[in-house]
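Accompanying notes for the structure given below.
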Amino acid sequence: MERLKNPREFSFVYSKGTPSFGRYVVVSVVPTGKDVSRVGFAVSKKLGTAVTRNKVRRRLRAIVQELRNQFSPGYDVVVGAKRSAVGASFAELHEDLRCTLRKSRVWRKEAADLTGSGEEHA
RNA sequence: UGAGUGAACCAGAUGAUCGCAGAGGAGAGAUCCUUUGAGGAAAGUCCGAGCUCCGCAGGGCAGGAUGCUGGGUAACGCCCAGUGGAGGUAACUCUAAGGCUAGUGCCACAGAAAUAUACCGCCCUGGAAGUUUCCAGGGUAAGGCUGAAAAGGUGAGGUAAGAGCUCACCAGCAGUUAGGCGACUAACUGGCUAGGUAAACCCCAUCCGGAGCAAGGUCAAAUAGGAAAGGAGAGGCUGCCCGUCUCGCUUGACUUUCGGGUUGACCGCAUGAGGCUUUAGGCAACUAAGGUCCUAGAUAGAUGAUCAUCCACGACAGAACUCGGCUUAUCGGUUCACUCAGAUU
RNA sequence: GCCCCCAUCGUCUAGCGGCCUAGGACACCGCCCUUUCACGGCGAAGGCACCGGUUCAAAUCCGGUUGGGGGUA
């Protein structure tokens, strides 16, 4: 999966994108019209020391790797962690990020129908 | 057995599945295989260096740092061994510990007085009043309610009153001798007194140029019209001044050439004052010689998720140019040496 | 990553080692004034980031932590 790398791309997503709020994460999405979607992670220094920040970011990366097929192409996404994400377990983070992504436009509807289980819980 | 002191070490382990980063290999390619992958503090950025650039940099002033002695080290504010002082029954721990006898400043309140003159007081002589007062001259520093601190302390002699004025003990100073490389220690002798503060200015001794890998260097792309090299002459120097050399920098008539800012990639960048071990020297820190090993290297920044078993039930915490230290955080565990108390033999 | 700076009532700030049990302004609270509110007057409460050291004495001087802020492509 492509990553957002430049600080200018981050500020572009923050200013133009539409945010969706979850319990532990904030997801900002902006359409780009390209062939692939790109994801960036934002973990603030307010969350704690380098160890906790690394842990949160790695868990978010692992979850996005699992949900890679659910992303429709042509979007730039920034996943930001809230301060409550420090105490959350991996399963809680997984569920919250999945629900927050479903509220945004990047979620691929037919893929969700393919798995079938996500719609039932919502 | 209990209580304690010091030093060294470990920092969950094993297996399976899906993923991440570097290196090597195979393949036309997609991709696959092998291997490696955070710490004792990686932290704080408090010191010291390597490395790079600033004109390789001489002298002085200013500024800063260190401060018992000897040694170790590339260097240090670090380490080791000792000295003095403080604490502890002890093992042992702590210690910015040069100089107020170079000079200056300060010592609030209180107190007669805060560094030393005076005042109250005590005593002697003379005079006046006339029975305890005053004045003048002189001798004193024992006493004066305070304060953190009051011209060494205690006791005895001595005196008109007193005083290191004299004596004994203690404290402190200077000198001599002996021991030690030295800090210093011990003994003897002497003169009798020197308040505290240098983490106040300062003096003395030693050391220090500045900036920092976002240092610095190489290449490519597109864009815009300037940029670079040589160069008579002039100017100027990284806190300040002076001197010297060279033309490194700025301006610059003129000549020649294509380069500069931004963005990106690469180098710097993982073999180093390296680790482990043996022998030798040294009380030790450490050093020398031999053998052996290669052990993270990213650039939005690599270690995550799930399951199983075991136990002590997992703390503090994540490399970003690299080392040597210091400081701070830390669930617990192991080993060694030593001290004290109790019991038994 | 690197290099710096700062910390005083709720806020903004003064403060020669001793006059400091830390001063001022705004805010908060109580009382007075007013028919009531505002304005005004009086009063009270509320602080030297933390831990050690030097000194007779520390907000101040010296170390170390903690928490903020800034610069740098």
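The figures here come from the full heavy-atom set of this structure, side chains too, leaving out hydrogens, waters and symmetry mates. A note on names: the letters A, B, ... follow the listed sequences, proteins ahead of strands, and every chain is numbered from 1. The shown structure was predicted, so the numbers you read here are calculated from the model rather than taken from an experiment.
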- Gap between atoms CZ and P, on Phe90(A) and rU303(B) respectively (whole Å): 13 Å

- Are any of Arg58(A)'s side-chain N or O atoms less than 4.0 Å away from OP1 or OP2 of rC20(B)? no

- Query: Given atom CD1 of Ile63(A) and atom C1' of rA305(B), what is their separation to the nearest angstrom?
  - Reply: 9 Å

- Message: Measuring only the P atom in each nucleotide, how far is rA149(B) from rU197(B)? A whole number of Å is fine.
- Response: 15 Å

- Message: Please report the distance, rounded to the nearest Å, between NE2 in His94(A) and C1' in rA305(B).
- Response: 10 Å

- Task: For Leu60(A) and rC20(B), give me the distance from atom CG to atom P, rounded to whole Å.
- Result: 17 Å

- Message: Nearest heavy atom decides the nucleotide; on that basis, is Val51(A) or Arg61(A) closer to the 5' end of RNA chain B?
- Response: Arg61(A)

- Comparing Ala91(A) with Ala42(A), nearest RNA chain B nucleotide closer to 5' gives the residue Ala42(A)

- Item | rA81(B) and rC94(B), which share atom name P, separated by this distance in whole Å | 12 Å

- Message: Tell me if rG164(B) is syn or anti. Syn = glycosidic torsion within 90° of 0, anti otherwise.
- Response: syn

- Message: How long is the straight-line distance from OG of Ser89(A) back to OH of Tyr24(A), given to the nearest 0.5 Å?
- Response: 7.0 Å

- Item | C1' spacing across the pair rA86(B) / rU21(C), given as an integer number of angstrom | 34 Å

- Note on the structure: If pairing means Watson-Crick or G-U wobble with both distances under 3.5 Å, then the partner of rU257(B) is rA227(B)

- Task: Please give the nucleotide sitting opposite rA30(B) as a Watson-Crick or G-U wobble pair, both distances under 3.5 Å, or none.
- Result: none

- Query: Under 4.0 Å between a side-chain N or O of Arg53(A) and OP1 or OP2 of rG318(B)?
  - Reply: no

- To the nearest 0.5 Å, what is the distance between CD (Glu92(A)) and CZ (Arg59(A))? 9.5 Å

- Item | Integer angstrom distance from the C1' of rG231(B) to that of rC247(B) | 12 Å

- Any strand: nucleotide that pairs with rA7(C) via Watson-Crick or wobble, under 3.5 Å: rU66(C)

- Nearest-angstrom distance, C1' atom, rG332(B) to rG314(B): 9 Å

- Message: I'd like the C1' distance from rA13(B) over to rU299(B), given in whole Å.
- Response: 35 Å

- Check whether the side chain of Arg57(A) and the base of rG304(B) form a donor-acceptor pair under 3.5 Å. no

- Non-hydrogen atoms of Val56(A) and Ala81(A) that approach each other most closely: CG1-CB, 3.8 Å

- So what's rU54(C) paired with, Watson-Crick or G-U wobble, going by both distances under 3.5 Å? none

- Item | Rounded distance in Å - CZ (Arg38(A)) to P (rA300(B)) | 13 Å

- Query: Is the base of rA194(B) syn or anti, where syn means the angle lies within 90° of 0?
  - Reply: syn

- Note on the structure: From NZ of Lys55(A) across to P of rA38(B) the rounded distance in Å is 17 Å

- Atom CG of Asn54(A) and atom CZ of Arg61(A): how far apart are they, to the nearest 0.5 Å? 10.5 Å

- Partner of rA329(B) by Watson-Crick or G-U wobble geometry, both contacts under 3.5 Å, or none? none

- Query: When the P atoms of rC33(C) and rG23(C) are considered, how many whole Å apart are they?
  - Reply: 30 Å

- Any idea if rG40(B) is syn or anti, going by the 90°-from-0 cut? syn

- Message: Which nucleotide, if any, forms a Watson-Crick or G-U wobble pair with rA3(B), using both distances under 3.5 Å?
- Response: rU339(B)

- Kindly compute the distance separating CD (Glu95(A)) from OG1 (Thr100(A)), expressed to the nearest 0.5 Å. 9.5 Å

- Task: Using the P atom as the reference point in each nucleotide, state the distance between rC107(B) and rC76(B) in Å, no decimals.
- Result: 42 Å

- Task: Rounded off to whole Å, could you give me the CD-to-P distance for the Glu66(A) and rU306(B) pair?
- Result: 10 Å

- Query: Under 4.5 Å between any side-chain heavy atoms of Leu101(A) and Val79(A), yes or no?
  - Reply: no

- Is the side chain of Asp96(A) donor-acceptor paired with the backbone N or O of Gly22(A) at a distance under 3.5 Å, no angle test? no

- Message: Under 3.5 Å for both donor-acceptor distances, Watson-Crick or wobble: does rU303(B) have a partner, and if so which one?
- Response: none

- Would you kindly give the CG-to-C1' distance between Asn54(A) and rA21(B), to the nearest whole Å? 14 Å

- Can you tell me the Watson-Crick or wobble partner of rC219(B), both distances under 3.5 angstrom? rG264(B)

